[in-house]
Amino acid sequence: MAHAAAERPPEETLSLWKGEQARLKARVVDRDTEAWQRDPSFSGLQKVGGVDVSFVKGDSVRACASLVVLSYPELKVVYEDSRMVGLKAPYVSGFLAFREVPFLVELVQRLQEKEPDLMPQVILVDGNGVLHQRGFGVACHLGVLTELPCIGVAKKLLQVDGLENNALHKEKIVLLQAGGDTFPLIGSSGTVLGMALRSHDHSTKPLYVSVGHRISLEVAVRLTHHCCRFRIPEPIRQADIRSREYIRRTLGQLGVAPAQRKDRSQKEQRPNACPQGGPGAPADQGRPPECHGRDSSSDPKAPKPGFQKQKDQQLEGTGHQEDSDLWPPSPAWVQSPP
DNA sequence: GCGACAG
DNA sequence: ATCTTGTCGC
């Protein structure tokens, strides 16, 4: 039973999740509530958070959740908490929060306990805010559960409410000529759900920014832009880099049973053991502001093939349904209502 | 059966 | 999301 979070939940579960989203959605505040948000240069803003979850290939349970806090406007990491977690829900488009948000809330609580002074004034979330099937993406979810301002930053357009990544959309993207350029994402209802943002002068593929909680779309977009040294906003980029680094260093290439890995021809299988410090040595757990050690974080060598994959293809699975069809391995799906 | 599909 | 190697550009 190493796949607790592998198969799609039954409709009954999805209905409960929809109800939860509808209930929490009523608490979303889609306007500025902080003084720094009104300031042209964001004076007063000093700490920006970023969260992300990386996964262990071939393992539907283990993942690493990270929360980082960066100084603003320097964008230097002043706090990091990366933790291995056990996933309890699978990824289902439209319900990303039920898979990741419990761990993100935990990270925020740990920060509150350990270093309350480093609590971020806003968190950039990997995923959407109100640009969502039911107007309540993971950025809204995290925002409402923590009451912290949150911004949804997606790397791909979620095609909902009439929004399509079609020829017209692509034409608009071409018109984004410089970093900071944007165009609104208007749903069928006529509502502005978010903005496509060219985050950097040298980046062609836009980011899709939407309101998570306690911030206006305009400010969300402007702040996201100010956080970009590269295409991905630094807070999210650092959380991403550090969470996968954590996995790489603790599990290396052996994510799952070494026996069922695909045989890579006859190449040498590196012994691959964790260098200094055993698994018991977190290597960076509650590390105070100092952040000693390697800070290779920001380097101008962002390796990205000069060409894209004309179509973000997703390997359509191997077509194998290797395991049984016992879905809920155990109860406890929905979190306690209130 | 076919198209979609945030992470 | 994950894996993967080289390659092109500043």
Side-chain angles (χ1 to χ4, degrees), chain A residues 5-6 8 14 17 21 50-66 85 87 89-104 124-142 150-166 185 193-194 196 200-212 230 232 236-237 239-241 243-248 251-256 261-265 267 272 299-309 311-319:
Chain A
R8 189 186 177 82
L14 298 184
W17 286 355
Q21 294 180 321
V51 291
D52 190 38
V53 178
S54 291
F55 309 83
V56 176
K57 187 199 176 184
D59 188 324
S60 63
V61 174
R62 286 181 294 173
C64 177
S66 292
V85 299
L87 301 169
Y91 167 68
V92 180
S93 180
F95 301 95
L96 174 64
F98 292 90
R99 177 172 170 82
E100 307 186 348
V101 103
F103 309 112
L104 303 183
L124 270 58
V125 183
D126 201 341
N128 295 293
V130 301
L131 170 42
H132 175 270
Q133 285 90 332
R134 291 165 292 284
F136 194 72
V138 64
C140 296
H141 210 130
L142 180 62
C150 286
I151 299 173
V153 181
K155 296 180 287 297
K156 291 186 295 192
L157 176 65
L158 179 55
Q159 305 188 141
V160 298
D161 196 23
L163 295 177
E164 279 186 288
N165 181 26
N166 54 22
L185 300 168
L193 302 176
H200 195 280
D201 284 341
H202 300 297
S203 179
T204 288
K205 193 170 178 177
L207 291 181
Y208 298 95
V209 181
S210 58
V211 170
F230 304 106
I232 305 301
I236 291 178
R237 180 168 167 267
D240 177 65
I241 289 174
S243 58
R244 43 208 306 169
E245 172 76 352
Y246 191 92
I247 287 178
R248 189 180 70 76
L251 301 176
Q253 319 243 317
L254 0 158
V256 75
R261 291 191 59 68
K262 186 167 186 184
D263 197 309
R264 270 279 90 102
S265 287
K267 290 211 168 184
N272 201 338
D299 43 33
K301 50 180 178 181
K304 247 302 182 178
F307 301 98
Q308 63 290 61
K309 322 157 188 174
K311 288 186 179 179
D312 323 65
Q313 287 291 23
Q314 298 276 84
L315 286 195
E316 221 274 285
T318 50

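Chain letters run A, B, ... following the sequence lines, proteins first, then strands; residues in each count from 1. Remember, predicted model here, so these are calculated numbers, not experimental data.
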Would one find a side-chain N or O of A:Ser54 under 4.0 angstrom from OP1 or OP2 of C:dT2? yes

Ignoring the backbone of A:Arg244, work out which of C:dT2, B:dA6, B:dA4 is nearest its side chain. C:dT2

Specify the separation, in whole Å, of atom CZ of A:Phe103 and atom P of B:dG7. 18 Å

Measuring from the side chain of A:Leu158 (C-beta onward, heavy atoms only), which nucleotide among C:dA1, C:dC3, B:dA6 has the closest atom? B:dA6

Tell me the closest heavy-atom pair linking A:Arg99 and A:Phe55, and the distance in Å. NH2-CE2, 3.3 Å

What integer distance in Å separates A:Gln159:CD from B:dG3:P? 14 Å

Determine the interplanar angle of the A:Trp17 and A:Phe98 rings, folded into 0 to 90°, and report it as parallel if under 30°, tilted if 30 to 60°, perpendicular if over 60°. parallel

Side-chain atoms of A:His132 come closest, of C:dT2, B:dA6, B:dG7, to B:dA6

Here the pair of heavy atoms bringing A:Ile236 nearest to A:Ile232 is CG2-CG2, 3.9 Å

Atom-to-atom span, NZ of A:Lys155 to P of B:dC5 - whole angstrom: 16 Å

Do A:Arg134 and A:Phe95 make a side-chain contact, defined as non-hydrogen atoms from C-beta onward lying under 4.5 Å apart? yes

Base, sugar-phosphate alone, or nothing: which one does A:Val138 contact when heavy atoms must sit under 4.0 Å apart? base

Base, sugar-phosphate, or nothing for A:Gly152, non-hydrogen atoms under 4.0 angstrom? nothing

Sole residue of A:Asp161, A:Val160, A:Asn128 in side-chain contact (heavy atoms from CB on, under 4.5 Å) with A:Gln133: A:Val160

Where is the tightest heavy-atom contact between A:Val211 and A:Cys140, given as atom of each residue plus distance? O-SG, 3.7 Å

Send over the distance from A:Phe98 CZ to B:dG7 C1', rounded to a whole Å. 15 Å

Figure out the CG/P separation between A:Leu142 and B:dG7, and round it to whole Å. 16 Å

At less than 4.0 Å, is any side-chain N or O atom of A:Tyr91 found next to OP1 or OP2 of B:dA6? Yes or no. yes

What stems, by residue range, does DNA chain B take part in, given at least 3 consecutive Watson-Crick or G-U pairs under 3.5 Å? none

Can you measure from CZ (A:Arg248) to CD1 (A:Ile241) and round to the nearest 0.5 angstrom? 12.0 Å

A:Ile247 and A:Ser54 have their tightest heavy-atom pair at CD1-O, 3.5 Å

Report yes if at least one side-chain N or O of A:Lys156 is closer than 4.0 Å to OP1 or OP2 of C:dA1; otherwise report no. no

In whole angstroms, how far is the P atom of C:dC3 from the CZ atom of A:Arg248? 11 Å

Taking CG from A:Asp161 and P from B:dA4, how many angstroms apart are they, rounded to a whole number? 17 Å

Nearest heavy-atom approach of A:Leu193 to A:Ser210 is O-CB, 3.4 Å

Taking for each residue the nucleotide of DNA chain C with the nearest heavy atom, is it A:Asp126 or A:His202 whose nucleotide lies nearer the 5' end? A:Asp126

How is the base pairing of DNA chain C summarised as a dot-bracket string, given the Watson-Crick and G-U wobble criteria with both distances under 3.5 Å, [ ] for crossing and | for another strand? ..........

Please check the phosphate of C:dA1 (OP1 and OP2 only) for any side-chain N or O of A:Lys57 closer than 4.0 Å. no

Give me the atom names and distance for the closest heavy-atom approach of A:Leu158 to A:His132. CD2-CA, 4.0 Å

At 4.0 Å (heavy atoms only), tell me whether A:Asn128 reaches a base, stays on the sugar-phosphate, or touches nothing. base

A:Asp240 CG - B:dG7 C1' separation (whole Å): 11 Å

C:dT2 to B:dC5 separation - C1' atoms, rounded to the nearest Å: 16 Å

